[in-house]
**Q** 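Take a look at this one; I'll ask things after.
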Amino acid sequence: MRLNRDIRYQIKALLEAGLLQKDIANQLKITPGALTKELQRNGGRDEYDPDKADKRAVRLQRKSHVHCKYGEDIWNGVEDAVMEDWSPDEIVGRRKNEGLVTPSVPTIYRWLKNKPELEPHLRHLGKSYRKRGQAKDTRGSIRDQQWIDDRPAIVDRKVRFGDFEIDLINGAHHKGNLFTANDRMSGFCIR
């Protein structure tokens, strides 16, 4: 629930009545965290001014990127760059370097969802944009990997041919790779 002017005046009245923050939050049906943030942003419990708080909130809401409307000329520039196979990250970086107004990378991806004709120019066809900071990044991990500790005991005895240890080393910046397969008994190595 978004706080409005009426709620802010109720907060002020309940603070002056000496209620605890959690009781104010319960009475106004807002989260205690939202009330805490509201008070921290606007002078604290003793200095809270609902007029100033509301004016500040309105000002911040107007500046918010959510309400920013980009003109057709900006989107035409973005579209031209996509047609040249630029990624949204490259578009934002280039436009900023040139001092041009630019939407954010996530905003460009949202805009591209409504432009299926541009999809062939994206590098990650059909894959959705991975928002930064997601809980776990699984790129590059090996599925169903088996640990050395779990291998059969006979392999450690080195008595049979065909028990290979395999390793893959990727070079810096993914340039060049080294694959090795070593037979444990004979020491035969494939590179």
Side-chain angles (χ1 to χ4, degrees), residues 1-8 11 21 25 28-44 48-145 147 167-179:
M1 174 187 200
R2 186 167 287 205
L3 302 182
N4 60 32
R5 188 180 196 88
D6 294 337
I7 292 174
R8 289 186 171 95
I11 290 171
Q21 282 183 220
L28 297 177
K29 294 181 177 47
I30 60 175
T31 64
L35 179 60
T36 299
K37 283 182 184 177
E38 175 72 9
L39 294 175
Q40 286 174 345
R41 288 182 188 135
N42 299 295
Y48 185 73
D49 181 349
D51 281 325
K52 283 184 182 177
D54 196 59
K55 286 177 184 172
R56 182 176 188 271
V58 169
R59 187 177 68 247
L60 289 174
Q61 189 176 359
R62 281 189 190 135
K63 288 171 93 175
S64 171
H65 73 281
V66 174
H67 301 286
C68 188
K69 303 277 189 228
Y70 297 102
E72 194 174 319
D73 58 328
I74 292 173
W75 288 120
N76 287 340
V78 170
E79 186 170 348
D80 291 345
V82 171
M83 294 292 284
E84 293 179 24
D85 299 329
W86 288 18
S87 73
D89 287 299
E90 290 171 331
I91 294 167
V92 169
R94 176 65 63 94
R95 289 182 66 88
K96 281 185 180 177
N97 282 345
E98 293 173 358
L100 299 172
V101 173
T102 183
S104 67
V105 172
T107 301
I108 293 174
Y109 274 106
R110 281 193 302 272
W111 174 78
L112 285 169
K113 283 183 181 178
N114 299 322
K115 301 281 187 178
E117 68 276 11
L118 296 177
E119 192 171 300
H121 295 279
L122 296 175
R123 295 177 188 167
H124 305 288
L125 285 176
K127 295 181 185 175
S128 61
Y129 173 67
R130 185 184 67 85
K131 190 173 180 183
R132 290 165 178 82
Q134 284 185 338
K136 186 172 182 188
D137 187 357
T138 57
R139 293 179 295 176
S141 63
I142 300 170
R143 291 183 187 162
D144 303 324
Q145 61 183 323
W147 300 101
D167 198 7
L168 176 65
I169 301 169
N170 293 316
H173 308 292
H174 302 285
K175 295 194 191 259
N177 299 302
L178 176 63
F179 171 86

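Keep in mind that what you see is a predicted model, and the values were worked out from it rather than measured. Nothing fancy with the numbering, it's 1 onward along the sequence.
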**Q** Side chain of E119, backbone of P116: donor and acceptor closer than 3.5 Å?
**A** no
**Q** Going by side-chain hydrogen bond (donor to acceptor under 3.5 Å, both in side chains), name the residues that satisfy it together with R5, two or more places apart in sequence or in a different chain.
**A** D51, D54
**Q** Give the minimum heavy-atom separation between P88 and L112, together with the two atoms involved.
**A** CG-CD1, 4.2 Å
**Q** Quick one: CG on N42 to CD on E38, what's the gap to the nearest 0.5 Å?
**A** 4.5 Å
**Q** Work out which heavy atom in I7 is nearest to a heavy atom in N4; give both atom names and the distance.
**A** N-OD1, 2.9 Å
**Q** So, for I91 and A81, which heavy atoms are closest and what is the spacing to 0.1 Å?
**A** CG1-CB, 3.5 Å
**Q** Rounded to the nearest 0.5 Å, how far apart are CD1 of I30 and CD1 of I11?
**A** 4.5 Å
**Q** Drop me the distance from K52's NZ to R8's CZ, to the nearest 0.5 angstrom.
**A** 14.5 Å
**Q** Identify the heavy atoms of V82 and H121 that sit nearest to each other, and give their distance.
**A** O-CB, 3.2 Å
**Q** Do other residues, nucleotides or ligands put more than 12 heavy atoms under 6.0 Å from E84 CD?
**A** yes
**Q** Can you measure from OG1 (T31) to NZ (K37) and round to the nearest 0.5 angstrom?
**A** 8.0 Å
**Q** Please name the pair of heavy atoms, one in K115 and one in E79, separated by the smallest distance, quoted to 0.1 Å.
**A** NZ-OE1, 4.4 Å
**Q** Within a strict 4.5 Å, meaning less than it, do heavy atoms of the Q21 and T36 side chains meet?
**A** yes
**Q** Rounded to the nearest 0.5 Å, how far does CZ of R94 lie from OG1 of T102?
**A** 12.0 Å
**Q** Would you give the length of the straight line joining atom OG of S87 to atom OH of Y109, rounded to the nearest 0.5 angstrom?
**A** 6.0 Å
**Q** Any heavy-atom pair between the side chains of I74 and P103 that's under 4.5 Å?
**A** yes
**Q** Do Y70 and I108 touch side chain to side chain, with heavy atoms closer than 4.5 Å?
**A** no
**Q** Give the minimum heavy-atom separation between R110 and T107, together with the two atoms involved.
**A** NH2-OG1, 3.1 Å
